[in-house]
Amino acid sequence: MQHLQNAVVQRVQTPAATARTAARASSSEELAELQARVRACFEAGALATGAELLLETVGNDYADLRQDLAMGRSYQAAAEALGRTVLPNDPGLRGGSTDMGNVSHLVPTIHPSIGYDCGDTIMHHPDFTRYGTTAAADLAVLDGGLAMAWTVIDLATDPAQRARLLERRAARS
């Protein structure tokens, strides 16, 4: 046993320990840097303790979300026509990492959200689910779907938007 500042520290050896970690960042580049730092921390811990370290990557990395601002403005106009308030997209705001981010690196993308009264809770909280069956939630789904449909119509019928999107598609091929 070692004595440290009047506390007794016992050395306990376990046959194995496992951990699952996740890292998120604002961009794919920042994610790669963060993953390298996290990996270095585990390697340092193993080196310091004499442990064997096995790192295994599970799943796929999620890229940063790159929203098409022109498409976002079209959605904003559609949602506002339905009486919804939409916060404008900041050109510098790319959004967090998500599987939708991976898609957004290939095709023009928006990832709008639409609100409704969820009382004193926030999204992704277990209490949020109890508000998902209200009339306000149903209206949000209908308004969101209609705003997306109007956005598609606008993009398909606006010659400049249509040409821009078709050029991006051709560049991808």
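None of the values given here were measured: they were computed from a predicted structure.
Looking at residues two or more places apart in sequence or on another chain, you find a salt bridge (charged side-chain N to carboxylate O under 4.0 Å, His left out) between R84 and D143.
Between I153 atom CD1 and S74 atom OG the span is 10.0 Å, to the nearest 0.5 Å. Atom-to-atom distance recorded for Y62:OH and L31:CG is 12.0 Å, nearest 0.5 angstrom. The CD atom of Q67 sits 7.5 Å away from the NE2 atom of H111 when rounded to the nearest 0.5 Å.
D120 has a carboxylate O that lies under 4.0 Å from a charged side-chain N of R130, or vice versa, which qualifies the two as a salt bridge.
Side-chain contact between T109 and M100 is present, with at least one heavy-atom pair separated by less than 4.5 Å. L55 places a side-chain heavy atom less than 4.5 Å from the side chain of R39.
Checked against M71 for a side chain to side chain contact (heavy atoms under 4.5 Å, CB included), the options V152, D154, I110 give a single hit: I110. When each of T21, D61, T57 is checked for a side-chain hydrogen bond (donor to acceptor under 3.5 Å, both in side chains) with Q35, only D61 meets the rule.
Shortest non-hydrogen contact noted between A140 and G115 is CB-O, 3.9 Å. Smallest separation of non-hydrogen atoms from A78 and A147: CB-O, 3.6 Å. A pairwise comparison of heavy atoms in T157 and P159 identifies O-CD, 3.3 Å as the closest pair.
No side-chain N or O of D64 forms a donor-acceptor pair with one of S27 less than 3.5 Å apart.
At a threshold of 4.5 Å between side-chain heavy atoms, the hydrophobic network of Ile, Leu, Val, Met, Phe, Trp and Tyr places I114 and M148 in one connected group. By the rule that hydrophobic residues join a cluster once side-chain heavy atoms approach within less than 4.5 Å of another member, V38 and L53 end up as members of one cluster. Linking Ile, Leu, Val, Met, Phe, Trp and Tyr residues whenever their side-chain heavy atoms come within less than 4.5 Å leaves F42 and L54 in two separate clusters.
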Which donor-acceptor pairs under 3.5 Å do side chains of residues 163-172 form with protein atoms, sequence neighbours excluded?
unit_1, atom_1, unit_2, atom_2, d
R164, NE, Q161, OE1, 3.1
R164, NH1, D68, OD2, 2.7
R164, NH2, D68, OD1, 3.0
R164, NH2, D68, OD2, 3.4
R164, NH2, Q161, OE1, 2.9
R168, NH1, D68, OD2, 3.0

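Y131 forms part of a hydrophobic cluster together with Y116, M123, F128, judged by ILVMFWY side-chain heavy-atom separations under 4.5 Å.
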